Amino acid sequence: MSFAQAASKHIEHLEDFTAHEWCNELLSDPAVTHISKRHMPEQRKGVSNTFFTRTLFTDEAIRAFLSLYKPGNGRRREPEEEVFTGSAPLDEIQRPHTEEAEERRQNAKEEKTYDINDPDTAEAIILVSVGSDVDGGVRRLHGGVTATLLDQVMGTLISYVYQHTCATSDLNIKYKHAVNTPCVLLVRAKVVREKGRWIETRGWVEDGQGKVFAEGWGAFVMSKLASSKI
């Protein structure tokens with residue numbers, strides 16, 4: 001099967017998002033400076049993540065996926081500024097504010113903590129439209145998928161903030177409510193502590209209107225290349 005044939009079978013059903021007012025408000029929020037769609041792995045050499053880009057990319061699994069980034073620190077995009085940045089970040093540094101990320105890495109030897117309630121703390125967000133092929137119970141999202149979404153948003157956050165890849169070292173999930181499918185979910189994460197290559201994060205799976213289905217705590221190790229200048 002050619003790449004063109006494979007790509008034709010993968011359609012982002014973004015209308016699942018635009019059908020919800022809270023999604024539209026989030027997508028139009030000027031505090032969101034980047035919005036990225038999934039990419040097919042054939043589009044970028046050295047990038048895999050086929051679990052999201054191929055296995056779960058079906059009309060009945062994860063029907064639609066968008067990655068958003070709020071850098072915080074009062075940064076907002078201008079009305080004419082382009083917000084769609086292509087594929088979600090994984091290993092290529094093609095985003096603005098690289099000097100800020102470099103400074104953060106340079107200072108990473110010193111332990112630093114962040115307040116998750118501070119609106120100036122950087123935040124990664126994933127919007128996902130979930131179908132019925134990822135159920136555990138009848139019309140209930142599998143708990144492993146919930147954990148996967150949290151792991152994904154935390155890793156994406158680190159990619160945005162530090163502009164490099166990382167590996168999951170520890171992931172803890174607290175399940176609060178069952179997720180009924182099909183549904184649209186808001187998954188978000190913030191950095192809570194950093195020291196050297198060690199990054200700790202906290203994340204949430206929500207309904208976009210205040211209900212929290214699950215919380216996660218994760219620890220990640222940045223790749224050695226990212227820390228080579230530390």
Side-chain angles (χ1 to χ4, degrees), residues 1-28 32 34-44 47-69 84-90 123-157 159 168 171 173-189 203-216 218:
M1 180 183 296
S2 69
F3 169 68
Q5 290 173 321
S8 68
K9 293 188 176 183
H10 295 81
I11 300 172
E12 294 284 12
H13 292 279
L14 300 181
E15 67 274 10
D16 292 4
F17 299 144
T18 57
H20 296 274
E21 187 57 34
W22 66 267
C23 286
N24 291 321
E25 290 178 1
L26 178 60
L27 292 169
S28 61
V32 174
H34 297 70
I35 301 177
S36 305
K37 293 194 293 185
R38 276 180 289 196
H39 64 277
M40 292 293 289
E42 291 86 349
Q43 288 180 281
R44 297 169 69 193
V47 176
S48 179
N49 202 15
T50 52
F51 193 44
F52 273 89
T53 60
R54 183 180 295 152
T55 307
L56 295 177
F57 200 163
T58 75
D59 288 352
E60 297 302 326
I62 294 184
R63 293 170 42 85
F65 176 104
L66 285 175
S67 171
L68 295 76
Y69 180 50
F84 283 92
T85 57
S87 300
L90 285 172
E123 180 177 32
I125 298 169
I126 288 177
L127 290 177
V128 288
S129 176
V130 178
S132 59
D133 278 1
V134 283
D135 285 355
V138 177
R139 295 192 65 244
R140 295 214 169 170
L141 184 66
H142 194 293
V145 177
T146 301
T148 297
L149 291 172
L150 284 165
D151 182 64
Q152 179 70 16
V153 76
M154 291 175 181
T156 300
L157 170 67
S159 181
T168 309
L171 185 65
I173 312 295
K174 181 177 182 180
Y175 297 93
K176 294 190 169 188
H177 300 282
V179 179
N180 295 325
T181 60
C183 64
V184 171
L185 296 172
L186 171 76
V187 190
R188 60 190 185 92
W204 304 263
V205 177
E206 306 175 4
D207 68 351
Q209 301 178 83
K211 184 173 183 177
V212 178
F213 296 110
E215 291 182 74

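Only a predicted model underlies this, so the values are computations on that prediction, with no experimental measurement involved.
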Nearest-0.5 Å distance, OG of residue Ser129 to CD of residue Glu15: 8.0 Å
Identified side-chain contact (heavy atoms from CB on, under 4.5 Å) counterpart of Asp135 within the set Thr181, Val179, Val145: Thr181
For Val32 against Leu26, the heavy-atom pair lying closest together: CG2-O, 3.7 Å
Qualifying residue for side-chain contact (heavy atoms from CB on, under 4.5 Å) with Leu68, from Leu127, Ile126, Thr156: Leu127
Side chain proximity check, Val134 to Leu141, heavy atoms < 4.5 angstrom: yes
Heavy-atom side-chain proximity of Phe213 to Asn180 below 4.5 angstrom: no
From CG (Asp133) to OG1 (Thr55), nearest 0.5 Å: 12.5 Å
Spacing of CE belonging to Met154 relative to OG1 belonging to Thr168, to within rounding of 0.5 Å: 9.0 Å
Nearest-0.5 Å distance that lies between atom OH in Tyr175 and atom OG1 in Thr146: 5.5 Å
Straight-line distance of Leu56 CG to His10 NE2, nearest 0.5 Å: 10.0 Å
Shortest non-hydrogen contact between Val128 and Phe65, atoms and distance: CG1-CD1, 3.8 Å
Between CG on residue Leu185 and CH2 on residue Trp204, distance to nearest 0.5 Å: 16.0 Å
Nearest heavy atoms of Ile62 and Arg38, plus distance in Å: O-NH2, 3.0 Å
For the student: nearest non-hydrogen atoms of Leu171 and Asp151, plus distance: CD2-CB, 3.8 Å
Test item: Glu206 and Val187 side chains (from C-beta on) under 4.5 Å apart, heavy atoms: no
Closest contact, heavy atoms only, Ala147 versus Ile173: CB-CG1, 3.9 Å
Expected output: side-chain Arg188 to main-chain Glu123 donor-acceptor under 3.5 Å: no
Nearest non-hydrogen partners of Arg139 and Pro182, listed with the distance: NH2-CD, 4.4 Å
Expected output: side-chain His20 to main-chain Trp22 donor-acceptor under 3.5 Å: no
